[in-house]
Amino acid sequence: MMGEFKAPKGTKDILPDDSPRWDRFFNAVETVYKNYGYGRIDTPIFEAESLFARGIGDGTDIVNKEMYAFTDKGGRKIALRPEETAGVVRAFLEHDLGRNNPLFKAYYKGPMFRYERPQGGRQRQFWQVGVEALGSADPALDAEVIDCALESLSAAGLEDLKLHINSVGCPICRPGYTTVLRGYILTEPDRFCPTCLERAEKNPMRVFDCKNPGCAAALQAAPLITAHLCAACADHFSAVLAALQVIGVAAEPDPRLVRGLDYYTKTAFEIKSGALGAQDAVAAGGRYDGLVEQFGGVSTPGIGFAVGVERVLLATEAAGRPAAGPDVYVATLGAEARQAGLAAAKGLRRTGFAVAVDFSDKSLKKQLSYADKAGAGFTLIVGDEELQTGAYVIKNMRTGEQAALDPESLEPWLTSQKQEGA
RNA sequence: GUGAUCGUAGCUCAAAGGCAGAGCACCGCACUGUGGCUGCGGUGGUUGGGGGUUCGAGUCCCCUCGGUCACCCCA
């Protein structure tokens, strides 16, 4: 029966039947992140709105149209985090985490919020996991971070992944390139769609995202950033590619790859899944060497990536391994027996057994069928007869065998059964 | 934000303007304290919500909420 309320648009409940899949995902990726030397960081789900505006960029869609922003009762301008890098960098500065560390490494997991039109693999509240590494500009670190992303995804069961990589330059070389690109577009404006012409003004590199066939054709001969990188960026990029090759990571250089966040410099990458529709980027990241300084810290290079958890779960088989049932299901007949069953359940739980007590007050037949449906290994039956004799009936739900035991011998008996079963 | 499409029982779906249905699930009985299998019976709905057209609307029209797909954007 549908009640009055529904989950807000673009949000989803993760129900007990789904959560084992999520748990398995988090276990898999967190193990990888720890093996790569990252410790978990949890930052607030909301921050000062200006933190995101400054970090992600004033001109980006995320900041302009997609932020959940509000004013709190103290008059503070607050926003729900649309991504995690800004929060991690803020915490890095606030606690001076770079002081005793040549390289600060942290991973995170948690919900992010963007006000967008929902679609498969795109929600208003969605989960991300990811890592940030602050303190080194070494291109080998770029390769390690990318490798870490790929390893975590394959640990999560993803196949058919493709790594797209590019260098988006730096404040020294990028402006020169965008001027050249803008010039190219405006030489033949008739060949481009209106949105591309608009992009030519604001952020020329975005034209490469256009799916319009006419624009794509017109861009065939467009100047690419690869030829316009400064020496430092070009060297860095080729060193990243070389390092990837050494560790055996296949990369597809894509000079048209663009990122939607302003803070990226040099390396930018995207990992796509062949198992998804339009929203096929399952992870993305890059270097942000200017961000710490932009937040008022001493210049510190950084790099990281984010993984979209719902997208990974969409792309992996929905292998529905059901949640494990209780070890013991306690069926009781009558109020007195219910109490005795509760006491027995408490004792068994303390010794490590998962125990479910039946509160339905239904027939024994019904309670056994509930035990069956719950996937219980054993059912403990307590009724008048058992209370009289002091011997409780314990039934093996697989074999159908049952035994009568006094309550004290239940735990040792179940323990020995468990060992035999394993 | 733009466009398209869908919304009927807990779930999956029928009903081509004329009695709201099926399968599964659920409950009960056969079987009064012993699950799975079988048979029989039963509960369950303001057809997402609101308005309109019509003798009559699940069906047509408008508004609204939500889902899906694409765009936009992105994880």
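Below, chains carry the letters A, B, ... as their sequence lines are ordered, and counting in each starts from 1. Everything numeric here is computed off the predicted structure, so don't read it as measured data.
With hydrogens and angles ignored, no donor-acceptor pair under 3.5 angstrom links the side chain of A:K366 to the base of B:G35. Residue A:R114 places a side-chain atom within donor-acceptor reach of the base of B:A75, judged by atom type and a 3.5 Å distance cut-off alone. Residue side chain A:R117 does not reach the base of B:C74 through any donor-acceptor N/O pair under 3.5 Å, judged by distance alone. Residue side chain A:Q119 does not reach the base of B:G67 through any donor-acceptor N/O pair under 3.5 Å, judged by distance alone. Interface remark: the A:R259 side chain does not form any donor-acceptor pair with the B:C73 base, using a distance-only criterion of under 3.5 Å.
Taking for each of A:G308 and A:T11 the nucleotide of RNA chain B with the nearest heavy atom, the 5'-most of the two is the partner of A:T11. Residue order along RNA chain B, read from the 5' end via each residue's closest nucleotide, puts A:I381 first among A:I381 and A:R122.
A:M397 approaches A:L368 most closely through the heavy-atom pair CE-O, 3.8 Å. When all heavy atoms are compared, the tightest approach of A:L257 to A:F269 is CD2-CA, 3.8 Å.
Side-chain N/O atoms of A:K12 include one lying less than 4.0 angstrom from OP1 or OP2 on B:U68. The side chain of A:K365 contributes an N or O atom lying less than 4.0 Å from OP1 or OP2 of B:G35. Residue A:Y370 has no polar side-chain atom (N or O) positioned under 4.0 Å from OP1 or OP2 of B:G36. Using a 4.0 Å cut-off, some side-chain N or O of A:K9 falls inside it from OP1 or OP2 of B:G66. Side-chain N/O atoms of A:K272 include none lying less than 4.0 angstrom from OP1 or OP2 on B:A75.
At whole-Å resolution of the value, CG in A:L15 and P in B:G10 are 16 Å apart. Taking atom CD on A:E66 and atom C1' on B:C71, their separation rounds to 14 Å, with Å as the unit. When rounded to the nearest whole Å, the span between CG of A:L368 and P of B:U34 equals 9 Å. Between the CD atom of A:Q367 and the P atom of B:G35 there is a distance of 12 Å, rounded to whole Å. Between the C1' atom of B:U32 and the NZ atom of A:K362 lies a distance of 16 Å, rounded to the nearest Å. Distance, A:L276 CG to B:C69 P: 11 Å, rounded to whole Å. Counting to the nearest Å, the P atom of B:U34 and the CD atom of A:E385 are 10 Å from each other. For A:F305 and B:A75, the CZ to C1' distance is 12 Å, given to the nearest whole Å.
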Report task. Kindly indicate, with the supporting measurements, whether the criterion side chain to side chain donor-acceptor pair (under 3.5 Å) is fulfilled by A:Q294 and A:Y288. Result -> CA-CA 10 Å; A:Q294 205 177 312; A:Y288 44 87; over 6 Å; no
Requested in this report: Decide yes or no on ring-ring contact (aromatic ring centres under 6.0 Å, His included) for A:Y392 and A:W413, but give the supporting numbers first.
Outcome: CA-CA 12 Å; A:Y392 292 3; A:W413 186 84; over 10 Å; no
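B:U59 and B:U8 have their P atoms separated by 13 Å, with the value rounded to a whole Å. Taking the P atom of each, B:C62 and B:G7 are spaced 16 Å apart, rounded to whole Å.
Within the 4.0 angstrom heavy-atom criterion, base atoms lie near A:G121. Using a 4.0 Å heavy-atom distance criterion, A:S363 is classed as a sugar-phosphate-only contact. Heavy atoms of A:G375 sit nowhere under 4.0 angstrom from any nucleic acid atom.
The side chain of A:A278 has B:A70 as its nearest neighbour among B:G33, B:C73, B:A70. The side chain of A:L261 has B:C74 as its nearest neighbour among B:C74, B:G66, B:U34. Listed nucleotides: B:G66, B:C73, B:C26. Nearest to the side chain of A:K373: B:C26. Out of B:C73, B:U34, B:A75, the shortest distance to the side chain of A:D61 is found at B:C73.
For the residue pair A:Q419 / A:T415, no side-chain donor-acceptor distance below 3.5 Å is found, with atom types taken as modelled. The closest side-chain donor-acceptor pair between A:R287 and A:T267, if any, does not fall under 3.5 angstrom. With no hydrogens or angles considered, a side-chain donor-acceptor pair links A:T85 and A:E132 at under 3.5 Å.
Of the inter-residue distances, the one linking A:I78 atom CD1 with A:D72 atom CG reads 5.0 Å to the nearest 0.5 angstrom.
A salt bridge links A:E270 and A:R259; the closest N-O separation between the charged side-chain nitrogens and carboxylate oxygens is under 4.0 Å. No salt bridge links A:K366 with A:D358; every basic N to acidic carboxylate O contact stays at or beyond 4.0 Å. Note on A:K105 versus A:E144: salt bridge recorded, some NZ/NE/NH1/NH2 to OD/OE distance being below 4.0 Å.
Applying the 6.0 Å contact sphere to CD of A:E159 captures no more than 12 heavy atoms from other residues, nucleotides or ligands.
Listed by residue number, there are no residues of residues 42-58 of chain A with a heavy-atom contact under 4.0 Å to RNA chain B.
When ring centroids are compared, A:Y107 and A:Y33 come within the 6.0 Å threshold. Taking the six-membered ring for Trp and the full ring otherwise, the centers of A:W127 and A:F25 sit at least 6.0 Å from each other.
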So which protein nitrogen or oxygen atoms get under 3.5 Å of nucleotides 38-43 of chain B's nitrogens or oxygens?
none

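Where RNA chain B pairs in unbroken runs of 3 or more (Watson-Crick or G-U, both distances under 3.5 Å), the stems are B:1-7 with B:65-71, B:10-13 with B:21-24, B:26-30 with B:38-42, B:48-52 with B:60-64.
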